[in-house]
Amino acid sequence: MVIPEKIIESLVLENHEGAIQLTIEIINVIKSFLKFTLGPIDLKLQDNTIMVLIGPTGSGKSTLLNLIVGLTKPDKGSIYINDVDITNIPIESRRIGYSFQNPSLFPHLNVYENIVFGIRKRDRDNDKLKVKKLVESFGLSHLLDRNILGLSGGEMQKVSLARMLVTKPKIMLMDEPLVHLDIKTRVQLRKDLRRILKEEGVLGIYVTHFEDDVYALADSVSVLKEGIIKKSDTLKTMLTYPNDQSVSTSSISEFFQKDYNYLEGCVTESTNGITTFKVGEHKFEILGDYPISSTVGVLIKPEDIILAVDFVRTSARNIIKTKVAAIDDANIKTGILNIHLVINNVSLMSRITRESKEHLKIVNGASVYAIFKVTAPHIVREEKSK
Ligand code: ADP
Ligand code: MG
């Protein structure tokens with residue numbers, strides 16, 4: 001069936017006020033190159049969610065994005081947007097935003113001209129407010145007259161993302177867009193990015209190989225290995241540990257060998273620069289002020305979690321009674337161990353020396369207190385209550 005371009009345009013371009021639920025469905029898609037096959041891929045993504053795609057180099061992440069945007073045609077299978085088969089629709093009619101590792105901007109145009117480049121001239125007046133809002137969201141207002149060549153990497157990436165978003169795509173594909181930026185810029189920009197994608201009601205697919213990007217951005221996560229999706233689920237489900245006595249290492253931790261603890265919860269109190277948030281039954285304290293009922297997500301390094309077998313009074317404000325679920329080697333050479341702790345769906349990991357483990361007689365099933373200071377968690381996600 002040939003779909004008139006208009007249908008796709010209205011499907012994909014309709015702005016959020018007149019919003020339609022948007023679904024991308026990938027059914028049985030296969031793409032083979034000489035030495036590599038992607039698929040069969042089956043994947044369904046819903047309106048206004050951000051899916052973070054992780055996988056080793058060469059696992060087919062970029063190929064999958066290319067198939068969705070239409071740069072590559074599948075050998076088999078179909079891709080649907082809202083039940084419309086777009087498999088053979090030309091790329092320009094899909095109107096899907098695509099951003100790459102290296103932003104390609106027009107050096108002969110200034111920042112503003114680059115941003116509005118994708119808007120038809122006759123629409124530019126109508127879209128003025130939209131452009132202004134996005135420019136402000138990305139903190140680009142002071143740069144509008146500037147030449148592209150003098151911008152920092154982070155600024156260029158912001159311009160590139162803004163340029164895409166002003167065309168009001170309903171879908172944005174992002175292939176490691178922040179990979180070349182320094183850590184500070186990356187942390188700030190991905191925070192902005194998640195907020196903006198949510199505000200704009202955009203369905204996003206974000207490829208990364210950084211663990212903290214996953215926690216900062218994902219609603220759902222897919223793990224791609226050798227062309228096959230090994231796991232695809234909501235971040236919440238992936239991080240839920242069903243049984244206090246077993247560590248079902250999530251695919252995320254398996255992929256990254258779990259370098260961080262991630263806790264996400266609802267803010268219940270915030271006074272004098274200390275915020276309390278709740279994960280299930282458990283309360284945790286972090287530094288900073290956050291609105292009551294908002295959601296915060298924090299990362300804690302395993303090295304920052306101290307274990308004690310008895311309750312001890314310390315200056316650390318986070319003390320949680322847990323059970324040892326598993327012990328494994330973090331580093332065989334140095335004798336550092338990962339101690340996996342689980343209690344009521346909360347999973348934590350502490351990293352201690354073999355000597356400490358022997359000294360404290362830490363074994364599977366033992367009760368221990370996990371202790372960390374308010375300064376240990378790093379906030380990676382903060383969201384207003386819905
Ligand atoms: P990733 O983005 O996960 O690093 P890619 O999707 O870029 O992986 O590539 C997956 C595999 O497909 C690689 O082995 C790559 O060499 C191969 N590949 C990608 N595009 C082509 C192409 N146009 N022709 C031949 N091989 C390709
Ligand atoms: Mg790639």
Side-chain angles (χ1 to χ4, degrees), residues 24-45 50-79 86-92 94 96-105 153-154 156-157 160-161 164 169 171-183 185-186 189-190 193 197 202-233 235 238 250-257 259:
I24 304 182
E25 208 164 354
I26 299 170
I27 299 174
N28 207 20
V29 160
I30 297 179
K31 175 74 192 178
S32 286
F33 299 117
L34 210 54
K35 291 183 180 158
F36 175 83
T37 296
L38 176 77
I41 301 280
D42 287 280
L43 204 58
K44 191 172 177 178
L45 298 167
I50 301 174
M51 191 265 266
V52 174
L53 180 63
I54 55 177
T57 303
S59 58
K61 304 181 296 295
S62 297
T63 304
L64 181 55
L65 295 195
N66 289 341
L67 286 164
I68 297 171
V69 78
L71 281 170
T72 311
K73 283 235 158 10
D75 301 332
K76 238 190 105 187
S78 311
I79 301 172
I86 60 151
T87 319
N88 294 307
I89 292 282
I91 179 167
E92 59 279 8
R94 299 188 189 195
I96 297 174
Y98 198 163
S99 102
F100 303 91
Q101 287 179 9
N102 300 306
S104 54
L105 300 169
M156 282 200 205
Q157 199 51 269
S160 158
L161 289 164
M164 209 154 313
I171 300 167
M172 278 273 279
L173 309 181
M174 294 153 281
D175 200 350
E176 310 208 37
L178 311 182
V179 70
H180 294 313
L181 305 180
D182 62 275
I183 175 95
T185 313
R186 186 161 62 83
L189 197 43
R190 73 182 177 204
L193 191 58
L197 292 178
V202 174
L203 191 163
I205 303 181
Y206 186 98
V207 172
T208 186
H209 61 263
F210 295 116
E211 184 181 12
D212 51 343
D213 277 354
V214 177
Y215 298 119
L217 285 164
D219 294 308
S220 65
V221 184
S222 293
V223 185
L224 195 60
K225 255 188 195 163
E226 292 165 1
I228 301 286
I229 295 196
K230 292 289 176 195
K231 175 115 192 178
S232 184
D233 218 323
L235 179 64
M238 283 217 189
S250 72
S251 303
I252 308 172
S253 28
E254 207 176 274
F255 182 71
F256 292 110
Q257 305 191 328
D259 278 330

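Read the numbers this way: they start at 1 and go in the same order the structure lists the ligands and their atoms. All of these numbers come straight from a predicted model, not from anything done at the bench.
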Protein contact to [atom] [nearest heavy atom, distance to 0.1 Å]:
| atom | answer |
| --- | --- |
| atom 4 (O) of ligand 1 | Gly58 N, 2.7 Å |
| atom 27 (C) of ligand 1 | Phe33 CD1, 3.3 Å |
| atom 7 (O) of ligand 1 | Ser62 CB, 3.7 Å |
| atom 12 (O) of ligand 1 | Phe36 CD2, 3.2 Å |
| atom 5 (P) of ligand 1 | Thr63 OG1, 3.7 Å |

Under 4.0 Å between a Lys/Arg side-chain N and an Asp/Glu carboxylate O for Asp213 and Arg190?
-> yes

Could you check Ile68, Val207, Asn66, Leu203 and say which one makes a side chain to side chain contact (heavy atoms under 4.5 Å, CB included) with Leu173?
->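 Of the listed residues Ile68, Val207, Asn66, Leu203, the side chain to side chain contact (heavy atoms under 4.5 Å, CB included) partner of Leu173 is Ile68.
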
Candidate list Leu45, Val221, Leu43, Asp42, test side chain to side chain contact (heavy atoms under 4.5 Å, CB included), partner Ser232, passing option | Leu43

For atom NZ of Lys76, is the number of surrounding heavy atoms from other residues, nucleotides or ligands below 6.0 Å larger than 12?
-> no

Are Leu34 and ligand 1 in contact, using a heavy-atom cut-off of under 4.0 Å?
-> no

Mind checking whether Gly55 has a heavy atom under 4.0 Å from ligand 1?
->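 Distance cut 4.0 Å: Gly55 fails for ligand 1.
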
Any donor and acceptor pair, going by atom type alone, linking the side chain of [X] with main-chain N or O of [Y] inside 3.5 Å?
| X | Y | answer |
| --- | --- | --- |
| Gln157 | Leu181 | no |
| Lys61 | Pro56 | yes |
| Ser78 | Ile27 | no |

Answer yes if a protein heavy atom lies under 4.0 Å from atom 15 (C) of ligand 1, otherwise answer no.
->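 Not a single protein heavy atom is under 4.0 Å away.
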
Residue pair Thr185 / Asp182, side-chain donor-acceptor N/O under 3.5 Å |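 Indeed, the side chains of Thr185 and Asp182 share at least one donor-acceptor pair under 3.5 Å.
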
Going by the atom numbers of ligand 1, which of them fall below 4.0 Å from some non-hydrogen atom of Pro56?
->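 Those qualifying, in numeric order: 3 (O).
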
Proximal ligand 1 atoms for Gly60, defined as those under 4.0 Å from one of its heavy atoms = 1 (P), 3 (O), 5 (P), 6 (O), 8 (O), 10 (C)

Tell me whether Ser62 has at least one N, O or S atom under 2.8 Å from the Mg ion (ligand 2).
->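 It does: Ser62 brings an N, O or S atom closer than 2.8 Å to the Mg ion (ligand 2).
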
